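As a basis for the values below, the full set of heavy atoms in this structure was taken, side chains included, without hydrogen atoms, waters or symmetry mates. This is a predicted model, so every value here is computed, not measured.
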Amino acid sequence: MFFANLLGRLTTDALPHDAVTAFGALSIVGVGVAVPILLTVTKRWKWLWKEWLTSVDPKKVGVMYIIVALAMLLRGAADALLLRTQQATSVGGSNGVVDANHFQQIFSAHGTIMIFFVAMGLLFGLVNLIVPLMIGSRDVAFPTLNATSFWLFFGGMALVNLSLLVGEFSAAGWLAYPPLSELQFSPGTGVDYWIWSLQVAGIGSLLSGINFITTILTMRAPGMTLMKMPMFVWTVLGSMTMIAFAFPILTVTLTLLALDRTLGMHFFTADGGGNAMMYVNLIWAWGHPEVYILILPAFGVYSEVVATFARKRLFGYTSMVWATAAIVLLSFIVWLHHFFTMGAGADVNAFFGIMTMIIAIPTGVKLFNWLFTMYRGRIHFATPMRWFLGFVLIFTIGGMAGVLMSIPPVDFQVHNSLFLVAHFHMMIVGGVVFGFFAGLTYWFPKIFGFKLNERLGRYAFWCWLVGFVLAFVPLYALGLMGATRRLNHYDASLGWQQLFIVAGVGALIIAAGIGFQVLQLIVSIVQRDKNRDLTGDPWNGRTLEWSVPSPAPVYNFAIIPVVKDRDAFWAMKHARGEKAAPEYEAITMPRNTSVGMVIAVFATLAAFAIIWHIWWLAIAGAIGLVLTIVIRAYDDDTEFTLSAAKVAKLETARFAKEQA
């Protein structure tokens with residue numbers, strides 16, 4: 001009895017019982033065992049700790065974000081394949097490969113993982129890697145806070161995957177609407193895992209948003225006014241501003257739902273005086289800005305890629321800035337279109353329908369500006385440019401469907417159907433994921449010092465493009481035929497199976513594209529000496545990140561550049577006159593620290609304990625978190641200085657290597 005109370009509701013019954021979950025759990029355990037063994041055999045523990053786990057260098061933090069995001073992409077893609085397999089086979093007398101409850105868990109996990117731990121991870125990875133370099137800064141405003149944000153993101157990811165090992169994940173959808181997510185209808189730990197994984201990761205995202213707003217506004221190079229910032233930086237500023245305003249809504253919403261489930265309160269339970277519709281309003285007041293939080297930086301990537309590979313200045317820069325600002329504002333006044341069908345009234349629906357149509361205008365401005373940038377340009381069809389062109393096709397189709405759905409009577413017909421699923425994926429995958437793939441390919445040599453294999457990159461792109469069209473265009477037809485979301489079984493007489501099979505084939509082709517990306521990475525690493533970037537400027541770039549060596553040194557810039565043009569590096573390359581000999585100065589940088597990791601460990605432990613009602617552990621985790629912050633506050637030894645002589649020595653060695 002003592003140990004039972006000690007472990008709350010955690011018992012052996014929480015272990016996996018079905019084959020699919022057991023396989024997932026064994027995969028996680030296998031990786032968890034293999035990685036420490038590999039590190040031990042190669043004697044890399046000390047290197048990993050000093051160079052990566054305790055690093056506050058935003059470039060290394062960005063790489064860790066991307067590694068976690070790509071690992072979760074594999075998990076999310078595996079879930080998608082299971083969903084498509086179930087829908088292609090569970091027809092008539094056949095029940096498919098998983099039962100109904102497990103299908104809903106996979107559905108909920110897929111949406112949660114792809115939004116919070118793939119798209120957000122890729123977003124923050126690229127922002128950490130590129131923004132300080134683009135604005136001519138040596139670091140971010142709050143380096144330790146930045147590392148803490150990553151480790152909180154990692155902790156949220158760990159909780160999602162831990163649900164495979166002990167307990168279950170939410171079966172209430174990826175946004176967990178009440179009353180289904182309330183204790184009466186979801187008494188297990190699944191919704192609690194969902195709440196606390198998002199809560200831990202979401203607080204990390206909020207801290208990152210504040211950090212990068214401060215960085216962009218206060219740490220730009222001399223001469224870089226707001227209207228000389230690269231477009232990627234503008235879109236990141238817009239995205240981080242939305243995070244600062246939207247993520248507190250998510251934090252409060254999750255807290256209220258957790259109080260309902262854990263302490264028996266009634267914020268959203270109708271029979272206790274609560275209001276489930278208030279939850280829907282709150283979650284979408286966060287949720288729709290979240291769509292633009294993700295897509296604005298992808299738009300910024302496209303702006304940099306198109307200008308570079310068209311060999312032209314970005315067309316309509318000022319209008320692009322104002323379009324970004326319009327999207328930031330309008331994204332907060334369209335949330336109700338997500339529940340037109342819930343009885344808000346004709347006047348309210350009309351207002352939000354009109355706002356939804358209007359937000360398409362600044363998006364269209366951006367699209368036409370990219371096309372005009374390409375007009376009469378000397379276009380080089382490298383892999384990043386191909387991702388952009390694929391985006392134009394898919395995003396245009398998805399955007400037209402979105403404008404159609406902004407009309408409330410149309411939305412009444414297709415809202416709860418696969419038509420909406422197809423639209424959403426075309427916006428998020430075709431817009432966000434394609435954009436981040438373009439950015440990763442474009443900036444990869446800046447991050448690691450060598451290019452990715454172009455041929456395998458093209459194969460991956462075509463598999464993604466063809467597979468995506470096959471996977472989601474049939475869903476538009478199925479939605480119009482009446483197929484609903486979260487559908488795990490249907491009658492053979494409906495005639496839907498052929499289209500579901502086509503969609504399943506499309507998912508397999510996308511999986512082949514992911515396989516080519518993995519192969520591309522492996523081949524590129526093996527052939528890295530052949531594809532080294534010794535110039536720092538492999539694409540003939542236009543912005544400041546291409547002015548430093550690849551990979552960039554820990555201090556980014558030995559001498560902070562003075563910006564005189566919007567395309568700062570392009571202007572420097574084409575400036576006339578002799579260049580003065582560099583005069584190096586001492587550089588102060590932050591010391592590595594494990595504080596961020598320790599904070600995240602305590603936060604994740606506390607969250608896990610609340611999920612399982614292990615209250616002593618929750619209290620211990622909270623105390624440990626507070627003590628870590630207090631101890632850090634009294635630590636004055638947080639920086640080190642590179643002398644001017646040391647900087648000169650490093651730069652001289654770098655120049656000698658480039659000329660060799």
Side-chain angles (χ1 to χ4, degrees), residues 62-63 65-67 69-71 73-74 76-77 118-119 121-123 125-126 129-130 232 297-298 300-311 370 374 377-395 429-471 506-541 545-546 550-551:
V63 170
Y65 265 116
I66 288 170
I67 289 171
L70 293 180
L73 175 63
L74 297 177
V118 176
L122 292 173
L123 161 63
L126 285 177
L129 287 163
I130 301 306
F232 180 69
V301 171
Y302 295 133
S303 296
E304 305 304 329
V305 165
V306 171
T308 297
F309 292 106
R311 301 289 186 264
W370 293 321
M374 293 171 62
R378 292 171 293 162
I379 300 172
H380 174 47
F381 290 100
T383 306
M385 194 67 179
R386 293 174 189 267
W387 287 112
F388 164 73
L389 294 172
F391 148 79
V392 170
L393 171 65
I394 291 175
F395 193 81
V429 179
V432 176
V433 177
F434 277 29
F436 292 155
F437 284 164
L440 280 176
T441 311
Y442 178 58
W443 283 306
F444 191 90
K446 180 54 58 185
I447 302 163
F448 295 105
F450 59 93
K451 283 186 176 183
L452 287 169
N453 183 284
E454 275 285 311
R455 181 168 56 86
L456 291 172
R458 290 196 298 272
Y459 293 167
F461 162 73
W462 284 111
C463 284
W464 267 94
L465 183 64
V466 174
F468 194 83
V469 170
L470 285 176
L508 286 173
I509 296 173
I510 292 173
I514 295 172
F516 276 121
Q517 287 173 303
V518 172
L519 183 62
Q520 178 191 29
L521 185 60
I522 294 170
V523 170
S524 299
I525 292 171
V526 171
Q527 298 178 347
R528 61 188 178 278
D529 291 333
K530 186 172 71 173
N531 296 313
R532 287 280 181 200
D533 170 28
L534 299 177
T535 66
D537 184 23
W539 307 116
N540 194 16
E545 74 272 22
W546 304 112
S550 301

Notebook entry, point to check: Can you check whether Trp539's main-chain N or O pairs, donor with acceptor, with Trp546's side chain at less than 3.5 Å?
Noted result: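 No.
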Item checked: Side-chain donor/acceptor of Arg386 to backbone N/O of Thr383, under 3.5 Å ->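 Not confirmed, Arg386 side chain does not pair with Thr383 backbone.
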Closest heavy-atom contact between [X] and [Y]?
X: Ala310; Y: Met374; result: CB-CA, 4.1 Å
X: Gln520; Y: Gly457; result: NE2-CA, 3.3 Å
X: Leu470; Y: Ile509; result: CD1-CD1, 3.6 Å
X: Leu123; Y: Pro297; result: CD1-CG, 3.2 Å

Item checked: Pair Trp443, Glu304: side-chain N/O donor-acceptor within cut-off below 3.5 Å ->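 No.
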Next item on the list: Show your reasoning for whether side-chain contact (heavy atoms from CB on, under 4.5 Å) applies to Phe434 and Phe388.
Entry: CA-CA 7 Å; Phe434 277 29; Phe388 164 73; over 6 Å; no
Notebook entry, point to check: Val392 and Trp370: side-chain contact (heavy atoms from CB on, under 4.5 Å), yes or no, with the steps?
Noted result: CA-CA 10 Å; Val392 170; Trp370 293 321; 5.8 Å; no
Check: Is the Trp387-Phe395 ring centre distance short of 6.0 angstrom?
Finding: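 No; Phe395 has its ring centre 6.0 Å or more from that of Trp387.
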Check: Parallel, tilted or perpendicular: which fits the ring planes of Tyr302 and Phe391, with parallel below 30° and perpendicular above 60°?
Finding: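 It falls in the parallel class, under 30°.
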Note to self: Tell me whether the rings of His380 and Phe309 are parallel (<30°), tilted (30 to 60°) or perpendicular (>60°).
What the structure shows: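 Tilted.
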Notebook entry, point to check: Can you tell me how far the CZ atom of Arg458 sits from the CG atom of Asn453, to the nearest 0.5 Å?
Noted result: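 The CG atom of Asn453 is 8.5 Å from CZ of Arg458, to the nearest 0.5 Å.
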Notebook entry, point to check: About how many Å separate CZ of Phe461 and OG1 of Thr441, when rounded to the nearest 0.5 Å?
Noted result: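 Rounded to the nearest 0.5 Å, the OG1-CZ separation comes to 11.0 Å.
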